[in-house]
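Below is one structure, written out as structure tokens; the observations come after it.
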2 protein chains.
Amino acid sequence: MELTERKRQILKVVVEDYVRTAEPVGSKTIAARMGGSVSSATIRNELADLVELGYLEQPHTSAGRVPSPKGYRLYVNELMEQQRLSVAETERINASLHLKMEELDHLLSQASRAVSSFVNYPAYVTAAGRKHLTARRFDLLAVDERSCIVVMMMGDNRVKSQLLRLQLKVDLEQMPTLVNLLNTHFTGISVDEMNQELMNVAEQVPPQLFLLLSQTIAYAVDALEEASQREIVTAGASQLLKLPEFRDADKAHELMSFLADRKESLPMPEDGPMKILIGPENVTEVLKDTSVVVASYDIGDEMRGLIGVVGPTRMDYATVAARLSGFADGLTRLFGKQELPPKEEGKE
Amino acid sequence: MELTERKRQILKVVVEDYVRTAEPVGSKTIAARMGGSVSSATIRNELADLVELGYLEQPHTSAGRVPSPKGYRLYVNELMEQQRLSVAETERINASLHLKMEELDHLLSQASRAVSSFVNYPAYVTAAGRKHLTARRFDLLAVDERSCIVVMMMGDNRVKSQLLRLQLKVDLEQMPTLVNLLNTHFTGISVDEMNQELMNVAEQVPPQLFLLLSQTIAYAVDALEEASQREIVTAGASQLLKLPEFRDADKAHELMSFLADRKESLPMPEDGPMKILIGPENVTEVLKDTSVVVASYDIGDEMRGLIGVVGPTRMDYATVAARLSGFADGLTRLFGKQELPPKEEGKE
DNA sequence: TTTAGCACTCTCTTTCCCGGAGTGCTAAAG
DNA sequence: CTTTAGCACTCCGGGAAAGAGAGTGCTAAA
């Protein structure tokens, strides 16, 4: 049996109607929506074929039809019309992205809230470096004889700093030596190598300096690890409760606590600007009857981020995809504008 | 009519049974739970009195009794037995609080997750300074001729820093002058005063330095505002869905989106180590039929934080209160240990 | 003041029934 | 061979009715 053009049209109508109403779609409705050029009986024959082909499902005999995951997939791949964002929408997206760059964490959580409230589904956002973050430059600022400030600039030009309490008094004269040591031996290498290097230089350094050195390295390692760890922020989980498919508290609870506590296993595609995962295409069990739409954006040249949306398989893929890529573009632009300065090995 | 000791005992039984089962409590059950010293008929008489006195309510004739807010209040104030945390629980709490001090934000979100999963209700956490944060010390580190790093130590000894891109080349020789200016004129004053002061010094400074100066101050103002702004982190909202009173998706949705989006209006009592707000005692409309338990903890001497729990009025107040104050103590201790160094006007 | 007894009330669950929507099949028409 | 009208049939959802159960309030006696 073949998938004629008419069958495809029917499938399209079914998907779009079902997405709108969440009710199985009947032959009569379809006939009406096709402009009355064919009768409902004809549609019924076609529907039976579509079920047999696996594109539609029937909740029970004598109910209308509902798209199967396979049906959605065909719809997304071939039938769905690329939707264009209206100017107003684009503006709204950009307006919601006038964020301060200060803290990446805050930015992620703001962005995910914005996305979620714009698509009316739960959303998630991450940012991750393309390669491992290293320290690029160190400084130490003496505060008093018992404390000093470590300043570390990282590979992505973010700067981290903290007050360090010293176990021993340190001769102020020696500070420049130490800074120099830090900048020559501990920049541009991984955290493992930093720990390694710390052992290597142990003997070359007077003991009371070594204490400060290792405190500094410990801080650096922490900060680098934290900064390069992929943090995932979710928002808008409560939106699920508005959907008929999640009126059931148990179902809703399962998904919501997944989004809150086990979000690491949300889809994180490595490639492509956008990915749509429909129902069972998801590997994670909880997501087996939801769909996920993920888009990626660029943070300068070094980093890449993902924004995703989780919803029922009955999702308005066209709109969600359009809005999501609007956001991705917006974010890429935002980060591009505030571009980090060009990289050159800046070892003091 | 008087509130005899026996009535109080009955009230206590009703509260505790209702908290456990979420079902209206009948006279027979109560009689049994009182050790069989009185008959259910006697209890019935007493119950009728308790309803008249306003401590209990009857969902409908011929149903058991349910505590009214007034009843819970009496229970909390006078009937409830102070509950003691078991050693295991205390250990569990402290274990969950082995947090790194790195970022206050992370810490808050970790703490609120821990609290929530420990009491099985949604939780919220904040930290807020007792007074306005000021800058205590500035440094500028030249990176290249077009960029430098601002380092600012704040009143609470946290250090913030960022790379600054300069619009103009700046003479390296002049940097120390600028740093000196920053440290003499811009430390220890509010952000408003900082902006003010910026105007004042405008004429005394060569123009190309002034540009850098104002960029620095702009960063400082941002960072100080962000750091002193009260951030509220919520966690565990999905726990609500396990409770029978929130099986109704609309109700759950209302409260959950409140917790996600309008959490600023959660109770933030100014005083006392712990506060319990029962049902209509809450000013916020959404919380009118929920209860909130809030405890405060200290972050060193300068700051104070709150941890709170939101749940149904049918809440195990004794346990929640005990665990919450366990957490509060744990946090106070945690921050006390990692105490910030003593303050002395450190204007370099 | 307490208690036993009992009729009564109200909710919750189950069952049954009915209307409506939609189907699948058949047979005729294009 | 495809399309269409017609029609019996299926299944869901909602509402009514009935019954069970829990608990009450009242009365009268202890």
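Chain A is the first sequence line, chain B the second, and so forth, proteins listed ahead of strands; every chain is numbered from 1.
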Closest non-hydrogen contact found for A:P69 with A:E57 is CD-OE2, 4.1 Å
Inspect the surroundings of NZ in B:K7 and state if more than 12 heavy atoms from other residues, nucleotides or ligands are less than 6.0 Å away. yes
Mind calculating the distance between NZ (B:K28) and P (D:dG21) to the nearest angstrom? 12 Å
Whole Å only: how far is the CG atom of A:N45 from the C1' atom of C:dC25? 10 Å
Got a sec: does the NZ of B:K263 have more than 12 other heavy atoms crowding it under 6.0 Å? yes
Any residue meeting salt bridge (charged side-chain N to carboxylate O under 4.0 Å, His left out) with B:E23, in chain and number order, not counting sequence neighbours: none
Using only atom types and a distance under 3.5 Å, with no angle test, would you say the side chain of B:T284 pairs donor to acceptor with the backbone of B:V286? no
Nucleotide of D:dT3, C:dT23, D:dT24 approaching A:S27 most closely (side-chain heavy atoms): C:dT23
Among B:I276, B:V310, B:V293, exactly one meets side chain to side chain contact (heavy atoms under 4.5 Å, CB included) together with B:M315. Which residue is that? B:V293
Could you tell me how far apart B:E23 (CD) and C:dT11 (P) are, to the nearest whole angstrom? 14 Å
Under 3.5 Å, is there a donor on one side chain and an acceptor on the other for B:S116 and B:Y124? no
Rounded distance (Å) that lies between atom C1' of C:dT1 and atom NZ of B:K7: 12 Å
Watson-Crick and G-U pairing of DNA chain D written in dot-bracket, each distance under 3.5 angstrom, with | for inter-strand partners: ||||||||||||||||||||||||||||||
Closest non-hydrogen atom pair between B:F258 and B:S265, with its separation: CE1-OG, 3.6 Å
Whole-Å distance between C:dT3 C1' and B:R6 CZ? 12 Å
In terms of heavy-atom contacts, does CD of A:Q82 have more than 12 from other residues, nucleotides or ligands at under 6.0 Å? no
Length of the CD1-C1' vector between B:I43 and D:dT24, whole Å: 14 Å
Mind calculating the distance between CG (A:L47) and P (D:dT4) to the nearest angstrom? 14 Å
When B:S40 and A:V25 are each assigned the nearest nucleotide of DNA chain C, the 5'-most assignment goes to B:S40
Between P on C:dG24 and CD on A:E46, what's the gap in Å once rounded to a whole number? 13 Å
Going by number, which of residues 48-70 of chain B have a non-hydrogen atom under 4.0 Å from DNA chain D? B:Q58, B:S62, B:A63, B:G64, B:R65
Below the 4.0 Å mark, does C:dC6 have OP1 or OP2 next to a side-chain nitrogen or oxygen of B:R44? no
Under 4.0 Å between a side-chain N/O of A:T42 and OP1 or OP2 of D:dT2, yes or no? no
